[in-house]
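Counting convention: from 1, in listed order, for ligands and their atoms alike. As the structure is a computational prediction, the values presented were derived from the model and not from experiment.
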Amino acid sequence: MSAPVKPIIGITLGDPFGNGPELTAYALADGKLYEQCRPLVVGDATSMAYALKVAKKVRGLDLSLNIIKTPAEGKYTPGTVDLLDLNLIPAEEIPDTLDQDAPKAYGVGACPLGGEAAFSYVVKVIDLAMNGEIDATVTNAISKEAINMAGHHYSGHTEIYADYTHTPKYTMMLAHHDLRVVHVSTHVSLREACDRVKKDRVLDCIRIANEGCKALGIKEPRIGVAGLNPHSGENGMFGWEEVQEIQPAIDEALAEGILIPEKKPTPPDTIFSKALGGWYDIVVAMYHDQGHIPLKVKGFVYNRAEQHWEAVEGVNVTLGLPIIRASVDHGTGWDLAGTGRSSELSLVNAIEYALQMVKAKKEA
Ligand SMILES: NC(=O)c1ccc[n+]([C@@H]2O[C@H](COP(=O)([O-])OP(=O)(O)OC[C@H]3O[C@@H](n4cnc5c(N)ncnc54)[C@H](O)[C@@H]3O)[C@@H](O)[C@H]2O)c1
Ligand SMILES: O=C(O)[C@@H](O)[C@H](O)COP(=O)(O)O
């Protein structure tokens, strides 16, 4: 019997002046990954080559680069990074500090060159997935400021993916192991976020969360739905959104057979403690930071005594798309990018999540 064909996971480098290239080198240095998939990097050979030198200097890793034009040309063997080269970053644009004892941060930050490249990698990987040439996509961080400087007016990957895959109903999910959250709105002002708490959108998010959990292999997802206001409004004392928008959405979802154990909006200050205690498989948060803060408090651990990040862990997944997208949940880490001192944990989590979704899709 022949061995099953391993899925191809397309990994974008993210902003070339951010931490994506070195994190990619670190994540792909783990040979065990190749037992489960064929990782294909989409980015620039210049940035990846520099990151491989940083990885050698900082962690003593010996990886070679295989520059290819199509996924079929990849070797997909441990020790070799297969990269589809979009050839957008001239080598001289990468600040080279490899002659110093410890490589320095690039210090470039958000710029049109990095934004254009990062945007192009994302569009390319979406295209490959939509054409069925790869099985899933994983993204490193882009800078929203940089892509906008380059003239691409999107507020993040989520919106780029939705647009390029023609997906009208989608939502961002963050996950840290079994703690998962989707968001009714993401990159808008807090003022606007309150206005976006509308019955139809809340109901869509509950439905997408339910399907998203099933896509992860959870057979009967239990969903917690957060309120917007303190104490979920106390029947209108502190705001009416729970009564007028959230409860009607919950009632309709319950009528469809979706499992919302509490059958009402849960006060936002305790919903995540309950989620951690195993009450739900996923929480529907009413706005970006309601969901992001608990997830990042859990995943981003700073060592006070040694003054460095001990762990930067968690995954960002776009639910509702026709293709699979998982991502790191941190940003470009400008202050560390280029030093080789960033943690690859979140990228490793994202690759694992993508693989889990590929498996569940096959079994569905
Ligand atoms: N997934 C994404 O594409 C994504 C997510 C968040 C922010 N961003 C973008 O990133 C840029 C910077 O945002 P920010 O400063 O708010 O957040 P950030 O996550 O880049 O940085 C916050 C802190 O975490 C540290 N950090 C980040 N990644 C790390 C890693 N892998 N290992 C160790 N430490 C790490 C940074 O050094 C910094 O101290 C912005 O332009 C924003 O648009 C992108
Ligand atoms: O803050 C976060 O981690 C996310 O909102 C982040 O900005 C990623 O957004 P996308 O690029 O995945 O849309």
So which heavy atom in the protein is nearest atom 31 (N) of ligand 1, and how far is it from that ligand atom?
Ser343 O, 2.9 Å

Whether His157 lies under 4.0 Å from ligand 1, heavy atom
yes

When you check the gap from the basic side-chain N to the acidic O, do Arg201 and Glu245 get nearer than 4.0 Å?
no

Protein contact for atom 8 (N) of ligand 1 (heavy atom, distance under 4.0 Å):
yes

Would you say the side-chain atoms of Glu313 and His177 include a donor-acceptor pair closer than 3.5 Å?
yes

I'd like to check whether Lys144 has a polar contact with ligand 1, where a contact means an N/O of the residue lying under 3.5 Å from an N/O of the ligand.
yes

Could you tell me whether atom 15 (O) of ligand 1 has at least one protein heavy atom nearer than 4.0 Å?
no

Closest approach of any protein heavy atom to atom 25 (C) of ligand 1, naming residue and atom
Trp309 NE1, 3.3 Å

Residue, atom name and distance, where the atom is the protein heavy atom closest to atom 36 (C) of ligand 1:
Asp335 OD1, 3.4 Å

For ligand 1, which atoms sit closer than 4.0 Å to a heavy atom of Val328?
1 (N)

Distance to 0.1 Å, residue and atom name: give those for the protein heavy atom nearest to atom 18 (P) of ligand 1.
Gly331 N, 3.5 Å

Residue, atom name and distance, where the atom is the protein heavy atom closest to atom 5 (C) of ligand 1:
His330 O, 3.1 Å

Under 4.0 Å from atom 28 (N) of ligand 1, is there any protein heavy atom?
yes

For atom 10 (O) of ligand 1, which candidate among Thr12, Thr332, Asp15 holds the nearest heavy atom?
Thr332

Would Leu336 count as a contact of ligand 1 if the rule is a heavy atom under 4.0 Å away?
yes

Regarding ligand 2, does Ser155 bring an N or O atom to under 3.5 Å of one of the ligand's N or O atoms?
no

Can you pull out the closest protein heavy atom to atom 41 (O) of ligand 1? Residue, atom name and distance to 0.1 Å, please.
Ser143 OG, 3.3 Å

More than 12 non-hydrogen atoms from neighbouring residues, nucleotides or ligands closer than 6.0 Å to NZ on Lys298, yes or no?
no

Using a strict 4.0 Å threshold on nitrogen-to-oxygen distance, state whether Arg207 and Glu211 make a salt bridge.
no

Are more than 12 heavy atoms, taken from residues, nucleotides or ligands other than Lys53, located less than 6.0 Å from that residue's NZ atom?
no

Answer yes when Asp62 and Lys56 have at least one side-chain N-carboxylate O distance shorter than 4.0 Å, and no when they do not.
yes

Give a yes or no on this: more than 12 heavy atoms of other residues, nucleotides or ligands lie within 6.0 Å of atom CG of Asn303.
yes

Once the angle between the rings of Tyr106 and Tyr50 is folded into 0 to 90°, is it parallel (under 30°), tilted (30 to 60°) or perpendicular (over 60°)?
tilted

Less than 4.0 angstrom from a charged side-chain N to a carboxylate O is my criterion; do Lys69 and Glu73 meet it?
no

Would you mind checking which non-hydrogen protein atom is closest to atom 35 (C) of ligand 1, with the distance to 0.1 Å?
Val312 CG2, 3.8 Å

Do me a favour and list the nearest non-hydrogen protein atom to atom 20 (O) of ligand 1 with residue, atom name and distance?
Gly333 N, 2.8 Å

